[in-house]
Amino acid sequence: MLEATVVTVQLTFVSIVLGFVIGLPAAVAEVYGPPWLRVPVETVGVVVRAVPILVILIYMFYVFSVSSSPFIAATFALGLRSGAYQSQIFRGAIQSVGEGQMEAARSVGMTKLEAIAYVIVPQSLRRSIPGFQNEFTIVLKDTSIAIILGVTELLGTAEDLFLQQNRTGTALELILAISLVYFVLTVTTNRGLEFAGDYFGVPTGENA
């Protein structure tokens, strides 16, 4: 179970990072990109968000064969799906930054790209922490669906233990055990992200 927990954490972390690498540029493209870039990015995002994660997993492993490794295929599937949702989190955060910020940056000689990179994106990342916290939790729980590819994460390991000889009476105990592990991981990551939100968040009220 400890090894399975490590696999679950690795799968979650790598998928979230991949989703970030996909989601942030996609969000910038949706807000500031030219039509020839914005429209395809928006279309792909809508399609990915409309397809169940189970179908994406099957396509990544059995249709597109992105890797012979179930872990890598699951990472691509979870990362792609997360990227589609993270793009909307970041898009909303970018749009929440006042237009005056862009105008002020351009007025001091910054190019549009420099203004986005050094003024808009840093502020939007701070504003996106609450939404990112929710997405992190979703990806953590979605790792359980990688069982269909044979990834030995928590749910897969619980199934293996259940199917072992003389273990047929431990189903409830195994489910309770992995539920507890998911609970601890979720609470731990949420508390860490809440701390990050308090520390890096945009000051408001008396702290502004």
Side-chain angles (χ1 to χ4, degrees), residues 5-33 37-61 63-67 69-97 116-117 120-149 151 153-155 182 185-197 200-201:
T5 301
V6 172
V7 172
T8 296
V9 172
Q10 291 174 335
L11 188 57
T12 302
F13 180 76
V14 178
S15 299
I16 279 289
V17 171
L18 180 58
F20 180 86
V21 171
I22 295 172
L24 183 58
V28 173
E30 287 189 36
V31 178
Y32 294 109
L37 178 61
R38 182 176 66 252
V39 174
V41 170
E42 290 176 347
T43 302
V44 172
V46 170
V47 171
V48 173
R49 289 190 294 273
V51 177
I53 182 59
L54 178 61
V55 176
I56 297 176
L57 277 166
I58 292 173
Y59 265 82
M60 283 293 174
F61 190 67
V63 179
F64 298 130
S65 299
V66 296
S67 174
S69 167
F71 180 89
I72 295 176
T75 298
F76 271 100
L78 290 168
L80 179 62
R81 174 246 168 236
S82 181
Y85 281 95
Q86 286 190 51
S87 68
Q88 299 309 292
I89 296 172
F90 296 133
R91 180 182 62 80
I94 289 172
Q95 291 177 330
S96 71
V97 178
I116 293 172
I120 304 300
V121 168
Q123 294 185 66
S124 63
L125 288 177
R126 298 170 72 181
R127 295 169 185 263
S128 67
I129 292 176
F132 185 81
Q133 174 181 341
N134 184 57
E135 176 60 18
F136 196 103
T137 302
I138 291 173
V139 173
L140 172 61
K141 291 184 290 187
D142 278 352
T143 57
S144 61
I145 206 167
I147 187 178
I148 69 165
L149 301 184
V151 179
E153 41 69 60
L154 280 169
L155 187 58
Y182 277 119
L185 291 176
T186 300
V187 170
T188 301
T189 54
N190 279 338
R191 292 295 176 267
L193 290 171
E194 285 175 3
F195 174 80
F200 295 106

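A quick note: this is a predicted structure, and the numbers were derived from the prediction, not measured.
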statement: Here the side-chain hydrogen bond (donor to acceptor under 3.5 Å, both in side chains) pairs for residues 17-32, sequence neighbours left out, are Glu30-Gln88
message: Does Gln86 form a side chain to side chain contact (heavy atoms under 4.5 Å, CB included) with Leu24? I'd like the steps, not just the answer.
response: CA-CA 7 Å; Gln86 286 190 51; Leu24 183 58; over 6 Å; no
- prompt: Would Phe76 and Leu80 count as a side chain to side chain contact (heavy atoms under 4.5 Å, CB included) if you check the C-alpha gap in whole Å, the side-chain angles of each, and the deciding distance to 0.1 Å?
  reply: CA-CA 6 Å; Phe76 271 100; Leu80 179 62; over 6 Å; no
Nearest-0.5 Å distance that lies between atom CD1 in Ile89 and atom CD1 in Ile129: 12.0 Å
field: Under the salt bridge (Lys or Arg N to Asp or Glu O under 4.0 Å) test, residues paired with Glu194 that sit two or more places apart
entry: Arg191
message: As an exercise, state the distance from OG of Ser124 to CZ of Arg91, rounded to the nearest 0.5 Å.
response: 12.5 Å
query: Counting only N and O atoms by type, is there a donor-acceptor contact under 3.5 Å from the side chain of Thr188 to the main-chain atoms of Leu185?
result: no
task: Kindly state whether the ring of Phe20 and the ring of Phe90 have centres lying under 6.0 angstrom apart.
output: yes
query: Between Ser82 and Leu78, is there a donor-acceptor pair closer than 3.5 Å when you use the side chain of the first and the backbone of the second?
result: no
message: Run the side chain to side chain contact (heavy atoms under 4.5 Å, CB included) test on Tyr85 and Asn134 for me, step by step, so that the C-alpha distance in whole Å, both residues' side-chain angles and the decisive distance to 0.1 Å come before the verdict.
response: CA-CA 11 Å; Tyr85 281 95; Asn134 184 57; over 6 Å; no
- prompt: If only atom types and distance count, is the side chain of Ser144 paired as donor or acceptor with the main-chain N or O of Lys141 below 3.5 Å?
  reply: yes
message: If I take atom CG from residue Leu140 and atom CD from residue Glu135, how far apart are they, to the nearest 0.5 angstrom?
response: 11.0 Å
field: Minimum side-chain heavy-atom gap Ile138-Arg81 below 4.5 Å
entry: yes
Whether over 12 other heavy atoms sit under 6.0 Å from Phe13 CZ: no
- prompt: Mind checking whether Arg49 and Ser87 have side chains closer than 4.5 Å, heavy atoms only?
  reply: yes
task: Assess whether side chain to side chain contact (heavy atoms under 4.5 Å, CB included) is satisfied between Thr8 and Tyr182, documenting all intermediate values.
output: CA-CA 9 Å; Thr8 296; Tyr182 277 119; 4.2 Å; yes
task: Calculate, to the nearest 0.5 Å, the distance between atoms CD1 and CD1 belonging to Ile58 and Ile53 respectively.
output: 10.5 Å
- prompt: To the nearest 0.5 Å, what is the distance between OG1 (Thr137) and CG (Asn190)?
  reply: 4.0 Å
